[in-house]
Amino acid sequence: MNALPWDAVIVGGGPAGLSAALLLGRCLRRVLVCDAGKPRNAASKAMHGFIGYDGIDPREFLRRARLQLERYQTVERWVATVEKVRREDNLFIIDLEDQRTVVSHAVLLATGASARLPAVEWVERFYGRSLHHCPYCDAFEHRGRFLGVLGNDQAAADLAVELRLWSRKVVLFTNAGPPVEKALAECMERSGVEIVEGGVTRLEGCGDSLERVCVGGDSWHACEALFFSPRQTHQSGLAAGMGCPVSEEDGAVSCSANGSTEVEGLFVAGNLSNGVQMAVVAAAEGVKAGASLNDWLLARQIELSPVG
């Protein structure tokens with residue numbers, strides 16, 4: 001255990017966590033980043049929508065970000081998994097998987113989320129290449145091609161309509177769900193989206209480039225990119241373990257616009273909170289949460305400073 005507490009421990013080494021570490025490093029704060037090394041976009045070949053970095057390999061983005069942090073001598077990054085966070089005597093005690101324990105005045109959780117992939121044969125082969133969940137991130141690369149959406153609910157329907165921005169050939173595959181409601185079916189017809197009912201059993205293509213979708217075991221449909229609205233699981237239960245309210249629907253942590261939570265000194269940023277889940281947004285949230293955390297540390301230092 002460190003004799004001197006860190007100003008902040010950041011759990012998560014993606015765009016949110018590293019951006020917060022950068023800002024806090026520039027404030028001369030002693031910061032420890034605990035990075036488990038399991039990014040959400042590990043399957044992706046390119047990161048999009050981040051001005052200045054559009055199209056960059058996510059691994060290269062992380063390499064550059066980590067390299068830039070080395071300039072700040074008060075910031076350290078450990079490849080480590082945090083198992084538990086608890087609060088004792090106005091400090092946070094952070095237990096690591098490798099049996100180490102560190103102490104900090106504040107904690108920023110930026111552990112991200114992971115998508116639940118559809119239960120379809122060969123889905124892992126195409127995920128991140130021609131199977132996606134974010135049209136803003138990936139639809140442009142598939143513009144003008146045969147596009148599909150997997151699902152039969154309103155979220156899937158909205159996604160199908162949105163994809164018409166990039167292609168006039170969009171199919172909604174209901175994937176053995178209940179029959180599409182009449183109002184939703186009429187909306188699809190008005191929007192020019194074809195509906196194909198039945199369970200999607202298999203994806204096929206050349207390499208990691210999707211070419212067609214099998215429905216019902218014997219019916220094949222052209223599809224060069226397939227999108228889905230995933231049910232997400234957040235990669236950490238640390239916030240809930242600290243008593244933070246979380247959404248029953250997706251596990252998102254309840255927090256303010258600047259990332260502060262109901263637990264004093266605990267902040268969240270990135271995909272762990274609600275909102276548009278893109279790298280550029282996560283980075284911005286990391287900066288906001290880092291600034292808020294720094295302000296909190298300043299206020300606490302003033303409060304605890306002796307008078308006179």
Side-chain angles (χ1 to χ4, degrees), residues 40 43 49 113-205 210-234 245-254 271-278 281:
R40 179 186 187 185
S114 58
R116 299 179 186 175
L117 297 182
V120 178
E121 189 175 0
W122 296 114
V123 70
E124 292 87 358
R125 170 181 166 187
F126 300 103
Y127 183 54
R129 275 71 172 177
S130 45
L131 174 67
H132 311 285
H133 49 77
C134 175
Y136 294 113
C137 300
D138 299 293
F140 180 84
E141 280 63 42
H142 302 288
R143 61 194 182 280
R145 299 176 184 174
F146 286 95
L147 305 183
V149 174
L150 200 60
N152 73 327
D153 57 7
Q154 189 62 54
D158 292 343
L159 180 54
V161 172
E162 188 174 22
L163 285 173
R164 292 274 292 169
L165 289 169
W166 291 278
S167 177
R168 295 299 176 187
K169 298 166 285 188
V170 180
V171 176
L172 178 66
F173 296 99
T174 64
N175 197 24
V180 175
E181 295 182 2
K182 181 180 178 180
L184 192 149
E186 291 176 348
C187 176
M188 294 297 94
E189 183 177 1
R190 289 193 302 271
S191 302
V193 175
E194 179 186 354
I195 297 177
V196 173
E197 297 187 311
V200 173
T201 57
R202 184 182 176 91
L203 308 180
E204 282 198 356
L210 183 64
E211 293 178 353
R212 58 182 187 164
V213 170
C214 182
V215 178
D218 58 2
S219 177
W220 293 94
H221 300 264
C223 183
E224 296 169 285
L226 185 63
F227 289 77
F228 66 104
S229 295
R231 288 187 60 82
Q232 297 189 140
T233 56
H234 285 83
V246 298
S247 167
E248 293 183 3
E249 181 178 350
D250 60 7
V253 179
S254 175
N271 293 342
L272 197 61
S273 60
N274 287 307
V276 179
Q277 298 193 350
M278 297 177 67
V281 177

Separation between [atom1] of [X] and [atom2] of [Y], rounded to the nearest 0.5 Å:
X: Met188; Y: Glu186; atom1: CE; atom2: CD; value: 11.0 Å
X: Trp166; Y: Leu147; atom1: CH2; atom2: CG; value: 9.5 Å
X: Leu184; Y: Asn152; atom1: CG; atom2: CG; value: 8.0 Å
X: Tyr136; Y: Leu165; atom1: OH; atom2: CG; value: 8.0 Å
X: Ser130; Y: Arg125; atom1: OG; atom2: CZ; value: 8.5 Å
X: His132; Y: Leu159; atom1: NE2; atom2: CG; value: 11.5 Å

| With Val171 via side-chain contact (heavy atoms from CB on, under 4.5 Å) - residues at least two apart |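 Once residues adjacent in sequence are excluded, the partners of Val171 under the side-chain contact (heavy atoms from CB on, under 4.5 Å) criterion are Phe173, Glu194, Val196.
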| Listed by chain and number, what are the side-chain contact (heavy atoms from CB on, under 4.5 Å) partners of Trp220, not counting sequence neighbours? |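 With neighbours one apart ignored, the set is Arg202, Glu204, Arg212, Cys214.
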How far apart are the closest heavy atoms of [X] and [Y], and which atoms are they?
X: Ser229; Y: Ala156; result: OG-N, 4.3 Å
X: Glu197; Y: Val215; result: O-CG1, 3.5 Å
X: Gly148; Y: Cys223; result: N-SG, 3.6 Å
X: Leu163; Y: Ala139; result: CD2-CB, 4.0 Å
X: Met278; Y: Cys134; result: CG-SG, 4.3 Å
X: Val161; Y: Ser191; result: CG2-OG, 3.6 Å

| query | More than 12 foreign heavy atoms under 6.0 Å from CD of Glu189: is that the case here? | reply |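 No, the 6.0 Å shell around CD holds no more than 12 heavy atoms from other groups.
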| field | Contact check, side chains of Leu210 and Leu131, non-hydrogen atoms, under 4.5 Å | value |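 Answer no - side chains too far apart.
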| request: Would you check if Phe228 and Arg116 make a side-chain contact, meaning some heavy-atom pair closer than 4.5 Å? | output: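 SC-SC contact between Phe228 and Arg116 ruled out.
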| message | Could you tell me if Arg129 sits above the aromatic ring of Phe126, with its cationic atom closer than 6.0 Å to the ring centre and no more than 45 degrees from the axis? | response |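 The answer is no, since Arg129 fails at least one limit relative to Phe126.
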